[in-house]
Amino acid sequence: MSVYQINKLLYLTDNDLAFRKRMMEEPEAVIKEFNLTDEERDALTSGAVGKLYQMGVHTFLLNHLYRYELFGVNRDNYLSRIREGMAYDPRFEQGNMPVQRFIKK
Amino acid sequence: MAKLVLAAGVPHPPRLVYEMQQSPGKMRGEALMKQVGEQVEKAEPDLIIEVDSDHFVNFFYNNLPSFCIGMAEEAQGPQEDWCPMPRYTVRGHVPLAKALFQYGVHDKFDLAAAHELRLDHSLTVPLHFLNPGMRLPVVPIYTNGFASPLPLATRCVALGRMVRRFIDAWEGKERIALIASGCFAMDVGGPLRGWVDNEWAETISKLLVRGQYQTLARRATEERINAAGNNSGELLNWITVAGAVGKTKPLFLEGDEGNGYAVWKFD
């Protein structure tokens, strides 16, 4: 029931520079400050985008996992990961991720 | 008496400004933005009201209004440092924003109001093209286009009608341009990323061109919007503007891969 906490963590990563810096340097320490269930923490730290999607994390906020390359998620594996656990859909064939200008602070 | 001189709808691709700098004259979106921009310039507005959906930059789940009037004196954006475009300071228009807020509440719209704003790319990309140099003040109207439950599209038509009544009654002499920011159908980083629901986008274009705004609003259920991808709730901004244009049909409307570019004129 704490999907809100995951959404908040990702929202802060994009919108709060000091928080983002900490997330990129010591993510394990930062997420201890959030009230996550074991299942949520495991999904997040293993970069299980598909699982997080099914839990109800907002896709705009999930994007920040690849944008800031957190927990092993990147532009090349994001789409295949979010589709994990979903039935195959021919529309997936048209999927691609935009070239992003990553900014590391 | 203020006057609505123009309404428009455009998308806000976060990389459009950057990409057209890399290869000028190659992007269809650049040409269409310029086409809309020329009409805005010709209409000589004094003020822009922009209907937009924040992308978790100004609002978050801790406090997320269905409809909100922006009444900051000025605000900066885009805040997202992954969006390669100039950073702007955009002036607001506090007296008009306050009057709109009061008019709306008295008209039974339980609006929210925000006196501080962090502008995202969805607000600033259209302004880059349609408000060069950020010369004109801008009053944002935010609709919740992304966090379920979305406001009903039929309610957005009513919101647009209220905005039009307000403009017609506003004591100022401003010439006002009303701009919708958003796509018709798109998925950004959801499982359907890269796929465009062309059938839905074409239906939207057709109904807008014919001036069948109520029909569009009835068909734009949250279920239909979500089926077209996670970004498709931005249609509510177009529908809000359609509510404000009355019976006027667009001067032109061009589709472009799930996006639309349109202008309505009233002079």
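Order of the sequence lines sets the chain letters (A, B, ...), proteins ahead of strands, with each chain counted from 1. Since we're looking at a predicted model, the values are computed, not measured.
Using bins of under 30°, 30° to 60° and over 60° for the plane-to-plane angle, the ring pair Phe60(A)/His55(B) lands in the parallel bin.
Proximity to chain A is absent for every atom of Asp187(B), based on heavy atoms less than 4.5 angstrom apart.
Between Arg193(B) and Leu79(A), the closest heavy-atom pair is CB-CD2, 3.6 Å. When all heavy atoms of Val188(B) and Asn63(A) are compared, the pair lying nearest together is O-OD1, 3.5 Å. Here the shortest heavy-atom pairing between His58(A) and Phe146(B) reads NE2-O, 3.0 Å. When all heavy atoms of Tyr78(A) and Gly189(B) are compared, the closest pair comes out as OH-O, 2.6 Å.
Separation of atoms CH2 (Trp195(B)) and CG (Asp89(A)) is listed at 8.0 Å; rounding is to 0.5 Å. The CG atom of Asp14(A) sits 7.5 Å away from atom CG of Asp81(B), with the distance rounded to the nearest 0.5 Å.
Shown are Leu12(A), Asn15(A), Leu61(A); of these, the side chain to side chain contact (heavy atoms under 4.5 Å, CB included) with Phe60(B) is made only by Leu61(A).
More than 12 heavy atoms of other residues, nucleotides or ligands sit less than 6.0 Å from atom CG of Asn62(B). The environment of Gln76(B) atom CD is dense: over 12 non-hydrogen atoms of other residues, nucleotides or ligands sit within 6.0 angstrom. The environment of CD in Glu33(A) is crowded: more than 12 heavy-atom neighbours from other residues, nucleotides or ligands sit within 6.0 Å. A 6.0 Å sphere centred on CD of Glu116(B) holds no more than 12 heavy atoms belonging to other residues, nucleotides or ligands. Counting non-hydrogen atoms of other residues, nucleotides and ligands closer than 6.0 Å to CZ of Arg41(A) gives a total above 12. The number of heavy atoms from other shown groups lying within 6.0 Å of CD (Glu73(B)) does not exceed 12.
With ring centers used as reference points, Tyr11(A) lies 6.0 Å or more from Phe59(B).
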